[in-house]
There are 2 protein chains.
Amino acid sequence: MASPNRRFKDAIYEQFARIGKAIAAPKRLELLDLLCQGPRTVEALAEQASISVASASQHLQVLRAAHLVEAEKKGTYVECRLADREVCDFYVSLRRLSEARLAEVRQVTGAFLTERGAMEVVEADELVRRVRDGEVTLLDVRPSEEYRAGHIPGALSVPLGELEKRLAELPRGRELVAYCRGPYCVMSIEAVALLRKKGVAARRMGEGVVDWRARGLRVERGPAGGARKRGEPARPSR
Amino acid sequence: MASPNRRFKDAIYEQFARIGKAIAAPKRLELLDLLCQGPRTVEALAEQASISVASASQHLQVLRAAHLVEAEKKGTYVECRLADREVCDFYVSLRRLSEARLAEVRQVTGAFLTERGAMEVVEADELVRRVRDGEVTLLDVRPSEEYRAGHIPGALSVPLGELEKRLAELPRGRELVAYCRGPYCVMSIEAVALLRKKGVAARRMGEGVVDWRARGLRVERGPAGGARKRGEPARPSR
DNA sequence: CAAGTATTCAAGCGTTCGATTGAATATGAG
DNA sequence: CTCATATTCAATCGAACGCTTGAATACTTG
C-alpha cells in the first residue's frame, strides 16, 4: 500500500480539497460574495457579514491560505480582494449549482420574496435587450464604492440610503429597474419597495454585476458621473 | 439582531455551504472524479479510491445529501451516478481553479510526471485539429465500461490491462495518443510507458473525456465496436 | 426458505473547525 | 513619543468530521 500513484493522487485531491474547505463555511461564502462586488477592509467585511472582526480576520486567513483572496496593507487598513477574476466565476458557478440542485435554495428564496411582496422580477434576458434599446433606466442601489468598482453600463448610481432624498433626480418616462449585489441581496428589494411607496413604478432585477459579466456582457468601471446621457446604450461586448 | 434579512442570508449561505462541505474532503472529490467517468457501484468506488466500503458509503451519503450524486438499486448492487451533467462541469471548474490558484498542484504534478519520465504531453488544442484531420489514433485506455459511458469520437478502446496482448491490433502508420480519466490519472502514463518499452511510439494526452466535453466537443457513447474505420473523423459539435 | 453478498447503520475515538475572549502588534495622527 | 485605531494572535470550548469496527438490513440466488 501507499504506492507512488496513490500518494500522488492523495496529494492532488488534498490540494483540491483546500479550495473545498475554504468554501465550506457559510460565512466565508458570504465574504466571498461581498468581495465579488469589490475590495473591502476587514472591518467593513465583518460588519456587512454580521460577524466579529476577529472572526472575519480568521475566515479571511483561510481564504488567503487557499489563495482565493489577497490582502494588501493600505495605511491602517488591510484591503482584501479576490485573487483573480476566476474566483468570482467559480463562486457564481457554485451559486448556480446550488440553485439548480438544492430545492431548499429555491424554496427559501421564494418564501422570502413573497413575504416581502417582491414578486415581480425582471429577467436579465429581457433586460439586456431593453437596456440596449434605451427602454429602461437601471438604478444601481449599492454603495457608491461598489458602483465604482464595476457596474452595468448605463446604470445610475443611487445608493439605497440616498434614494429617498434623490427621488427628484430620477429620470421620468422610462421604466426604472433596480439592481444590487445579486439575487440574495435585499437592497434592490428595499429600493423598489421605497419607490413604490412614493408612487414611482419600479421593478427589481435579481441578477447583479457579477451575473451580468458572467453572461459575457460588458461591465463599466469608474465614478458615478452624475446623470448619464439619455440615449447612451449599454452594448454587450465580447 | 436576527432581522428577517439576516436570517434569510444565513439560510441561503448555509445552503451554498452544503455544496462546499460536500467537496471539502479529498476522498469525496476522488469519488466525484470517478463518477465523472461514469456510474459505479459503491464497492467499485471504494476499491478505486482505496478506502473501505463503509467509508465510501458514508462519503456517498454526504454527496447524496448535497444532491450531487444519485443512487439506484440494481439487483444486489447500488449504482451511483452524478445527479446532473452540471455537477461534472462544476468539478472541472474546481479542478481548473485549483490548478490556476494553487502552486502546489502544479508542483506536485510536475514532480510526479518527471519522476515517471512522462514529460511529453499532447495539448488538446493541438489534438483537436489532428484528430479531425485523421493524423493520429486515439487510444482510450480506461476500463471498457467507462469507454462505453462516453469517449472521444474515433478513439479505440484498449483498456490498460489488455494493452500488452492487443499490441498487434493497433493501427500502424499514425501516431498513437493515449488518454484516460484526466490529468491526474496514471493509466495513460503507464500505457505510454508500456508502448515505448515495446518500441511503439506513443504520447499521452493529459485531458480526459470530461475536459473534452467541457470544450464543447462531441462525446460518443456506446460499446467498443472493434476497430473503427480509418478515415472516420471526429468532428467537434456545437 | 436459507445462504451469501452488498450496503447501511451505530457507536467510539482522535482530529479539526468555528466562534469567543483578551492580549499583542502595527500604523498614522497629534 | 504617545495615543487611538485596525488587525492579528493565542488559548479555549463545544460541535462536527472522518475513519474504524462490528452488527444489522435488504436483496438475489440456489
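In what follows, chains carry the letters A, B, and so on, assigned in the order in which the sequence lines appear, proteins first and then strands, with residues in each chain numbered from 1.
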Discussion item. Tell me whether B/Ser57 contacts the main-chain N or O of B/Val53 through its side chain, where contact means a donor paired with an acceptor under 3.5 Å.
Written reply: no
Practice prompt. Look at the side-chain N and O atoms of A/Ser57 and state whether any lies under 4.0 Å from the OP1 or OP2 oxygen of D/dT8.
Written response: yes
Discussion item. Tell me whether the rings of B/Phe112 and A/Phe8 are parallel (<30°), tilted (30 to 60°) or perpendicular (>60°).
Written reply: parallel
Worksheet item: With sugar-phosphate meaning primed atoms plus P, OP1 and OP2, does B/Ala25 contact a base, only sugar-phosphate, or nothing at under 4.0 Å between heavy atoms?
Response: sugar-phosphate
Worksheet item: A/Lys73 has an atom NZ; how far is it from atom C1' of C/dT27, in whole Å?
Response: 6 Å
Worksheet item: Below 4.0 angstrom from OP1 or OP2 of D/dC9, is there any side-chain N or O of A/Gln61?
Response: yes
Response to the item:
To the nearest angstrom, the CZ-C1' distance between B/Arg18 and D/dA16 comes to 16 Å
Worksheet item: In whole Å, what is the span from the CD atom of A/Glu72 to the P atom of C/dT27?
Response: 13 Å
Practice prompt. Describe the nucleic acid contact of B/Arg40 in one word from base, sugar-phosphate, nothing, applying a heavy-atom distance below 4.0 Å.
Written response: nothing
Fill in: Between C1' of D/dC27 and OH of B/Tyr77, the distance in whole Å
12 Å
Discussion item. Rounding to an integer number of Å, can you tell me how far A/Glu43 CD sits from D/dT8 P?
Written reply: 12 Å
Practice prompt. Consider the side chain of A/Val53, meaning its heavy atoms from C-beta on, and name the nucleotide among D/dT8, C/dC9, D/dC27 that approaches it most closely.
Written response: D/dT8
Worksheet entry | Pair B/Arg64-B/Gln61, side-chain donor/acceptor within less than 3.5 Å | no
Worksheet item: Would you say the side chains of B/Tyr184 and B/Asp33 form a donor-acceptor pair under 3.5 Å?
Response: no
Discussion item. Let's see if you can work this out: which of D/dA11, D/dT20, D/dT8 has an atom nearest to the side-chain heavy atoms of A/Gln58?
Written reply: D/dA11
Fill in: Of the listed nucleotides C/dT27, D/dT7, C/dT8, the one nearest the side chain of A/Thr41
D/dT7
Worksheet item: Is A/Thr76 near enough to C/dG28 that one of its side-chain N or O atoms lies under 4.0 angstrom from OP1 or OP2?
Response: no
Worksheet item: Looking at B/Arg28, does any N or O in its side chain come under 4.0 Å of the phosphate oxygens OP1/OP2 on D/dC19?
Response: no
